[in-house]
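Report on one structure; see the data block that follows.
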Number of protein chains: 2
Amino acid sequence: MARRSDHTRDELVAITIDAAWKIVGEDGFAAATARRVAKEIGYAPGTIYNLFGSMDDLYLLVSARTLDTLHEAIAVPDCPGGGGKPADKMKAMAKRYRDFAGEHKNHWIMLFVHNLPDGKAVPTWFGDKVERIFQPLEELLEPFFLPLDQRRRRMAARVLWGSVHGLCFLEATGKIPKVTGNMSSADLVDNLIDTFVAGLERTGI
Amino acid sequence: MARRSDHTRDELVAITIDAAWKIVGEDGFAAATARRVAKEIGYAPGTIYNLFGSMDDLYLLVSARTLDTLHEAIAVPDCPGGGGKPADKMKAMAKRYRDFAGEHKNHWIMLFVHNLPDGKAVPTWFGDKVERIFQPLEELLEPFFLPLDQRRRRMAARVLWGSVHGLCFLEATGKIPKVTGNMSSADLVDNLIDTFVAGLERTGI
DNA sequence: GTTTAAAATGAACATCGTTCAATTACAATG
DNA sequence: CATTGTAATTGAACGATGTTCATTTTAAAC
């Protein structure tokens, strides 16, 4: 039996999230079972339920870490010189997103594969973390909208992010048939951004 | 014991797909277990394995029906008069897509939630059905590209479909926080199409 | 040293996909 | 009609899953 003075409760929570994060990264979301996580931290399965209440709550915390890491990867400071067209900055941001999805594929896919059971609602603190993902792009979209037209800018950020996500997801899960030879998801995303931004410019401020 | 002369093997296959389809529609993908489907058709669980080999193979056939129904819903004949801007036609097509996703929510989500185990590859006949989904949109995109520039047109179709899908998926699964009040996924999709088409026109043929 | 409350346990329950020896059903044959 | 042989059907069994909770262990308080 693990001794109760081995770790404080908070330490144990952190250790467990670490373990689950590691298992997901190595063997995928489906491998992060209660028994597997318990074995990894050297405790019994029941302990996880003392700590989190359910596996779903643990999964939510793992996904929270994914969102934090993703946000960190995306929201690098604007290029120092300030040069470069907005579209290029967006493509660079999308590339960082794609790179993240590639490097943390299992964590990233888990964001969309894990769903709470019907009754359970996503807690607001989690929704806030999702919301935060859109902010860096919103800032890049500033030049295309009047200062007071926040609504359209927020909309554009969501449309663009949702679209980039859709393309990456279809590719990562193999749901989209390989297009004619040389056409990667990178090409698709760049094409989306170029065309969308051109549309923004044409539509006018 | 069900009598073996009750149905031919082909009939039994059809009946089983029907049953699985019905269960998914009513109670979601997770409810379509081997035992539940078996009970629904009045056979033992083992029979399903005689027919399909594995639950994954049955799920693939259910998803095939979803793709067929979706294609039918999307590919309605072009409006008779031939009037209307392409962007409007695309919005109408996207609306049919969204409506389908709404009416057959469980079937539609299953398309993306169900994944074959690591080793197993998606059969080509299934990939063809996915491929076919893009065709109606490809045709609507004809006016924007030179006849010989098939590659860019195919790319645009995939970008646009992938994006529409991404927006619908995020909304259907509740992964995107409700935006500021009055901003539905319908608005987001229409905005995407308007801006993207404007971009296509600006980029020029 | 005793008491007590919290922490940790792991067997138990109802599920799941899957396997496969045993059973049943039916057509062909004698 | 009886017999045989084969194909269809079965359901118990296996190793998993998430979850519960009575039981045991631990460490602090008295």
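Predicted model only: the values in this text are computed from it and were never measured. Within every chain, numbering begins at 1; the chains are lettered A, B, ... in the order of the sequence lines, protein sequences first and strands thereafter. Computation of the quantities below employed the complete heavy-atom set of this structure, encompassing side-chain atoms and omitting hydrogens, waters and symmetry-equivalent molecules.
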**OP:** Go through the steps to decide whether R132(B) and D68(B) satisfy the test salt bridge (charged side-chain N to carboxylate O under 4.0 Å, His left out), and finish with yes or no.
**Re:** CA-CA 9 Å; R132(B) 199 179 41 163; D68(B) 288 343; 2.7 Å; yes
**OP:** Apply side-chain contact (heavy atoms from CB on, under 4.5 Å) to the pair I74(A) and F100(A), showing each step before the final yes or no.
**Re:** CA-CA 9 Å; I74(A) 284 178; F100(A) 177 91; over 6 Å; no
**OP:** Apply the test side-chain contact (heavy atoms from CB on, under 4.5 Å) to residues S184(B) and L188(B): give CA-CA distance (whole Å), side-chain angles for both, the deciding distance (0.1 Å), then the verdict.
**Re:** CA-CA 7 Å; S184(B) 70; L188(B) 296 182; over 6 Å; no
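Rounded to the nearest 0.5 angstrom, L192(A) CG and S163(A) OG are separated by 5.5 Å. In this structure, the separation between CG on D6(A) and CG on L12(A) is 9.0 Å, given to the nearest 0.5 Å. K91(B) contributes atom NZ, which lies 5.5 Å from atom CG of D88(B) (distance to the nearest 0.5 angstrom).
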Could you go through nucleotides 20-24 of chain D and list every protein N or O atom that sits under 3.5 Å from one of its N or O atoms, giving the distance for each pair?
none

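Remark: D18(A) pairs with R65(A) by the side-chain contact (heavy atoms from CB on, under 4.5 Å) rule, at least two apart or across chains.
In this structure, the CE atom of M55(A) is 16 Å from the P atom of dA16(D), given to the nearest Å. Atom CD1 of I48(A) is separated from atom P of dT19(D) by 10 Å (rounded to the nearest Å). Going from atom CG of L51(B) over to atom P of dA7(D) covers 16 Å, rounded to whole Å. Here dA8(D) presents its P atom at 11 Å from OH of Y43(B), a figure rounded to the nearest Å.
Contact check, S54(A) against dG18(D): no side-chain N or O comes under 4.0 Å of OP1 or OP2.
A donor-acceptor distance shorter than 3.5 angstrom exists from the side chain of R153(A) to the backbone of E138(A), with no hydrogens or angles considered. Using a distance-only test at 3.5 Å, with no hydrogens or angles considered, a donor-acceptor pair links the side chain of Y59(B) to the main chain of A32(B).
Residue pairs meeting the side chain to side chain donor-acceptor pair (under 3.5 Å) criterion with at least one partner in residues 100-112 of chain A, sequence neighbours excluded, are Y97(A)-W108(A).
Non-hydrogen atoms lying under 4.0 Å from DNA chain C are contributed by T33(B), A34(B), R35(B), all within residues 24-38 of chain B.
Taking a cutoff of 4.0 Å between a charged side-chain nitrogen and a carboxylate oxygen, D190(B) and K95(B) do not qualify as a salt bridge.
Summary of helix geometry: the two end axes of the helix from dG1(C)-dC30(D) to dG30(C)-dC1(D), each defined by five base pairs via their C1' atoms, are inclined to each other by 30° (rounded to 10°).
Relative ring orientation between F169(A) and F112(A) is described as perpendicular, the plane-to-plane angle rising above 60° on a 0-90° scale split at 30° and 60°.
F52(B) comes within contact range of no nucleotide atom at all, as no heavy-atom separation falls under 4.0 Å. Among the heavy atoms of the strands, none lies under 4.0 Å from L58(A).
Close approach of DNA chain C to chain B, defined as any atom under 4.0 Å from a non-hydrogen atom of the protein, starts and stops at dC16(C) to dC26(C).
Residues D57(B) and S54(B) bring a donor and an acceptor atom of their side chains to less than 3.5 Å of each other.
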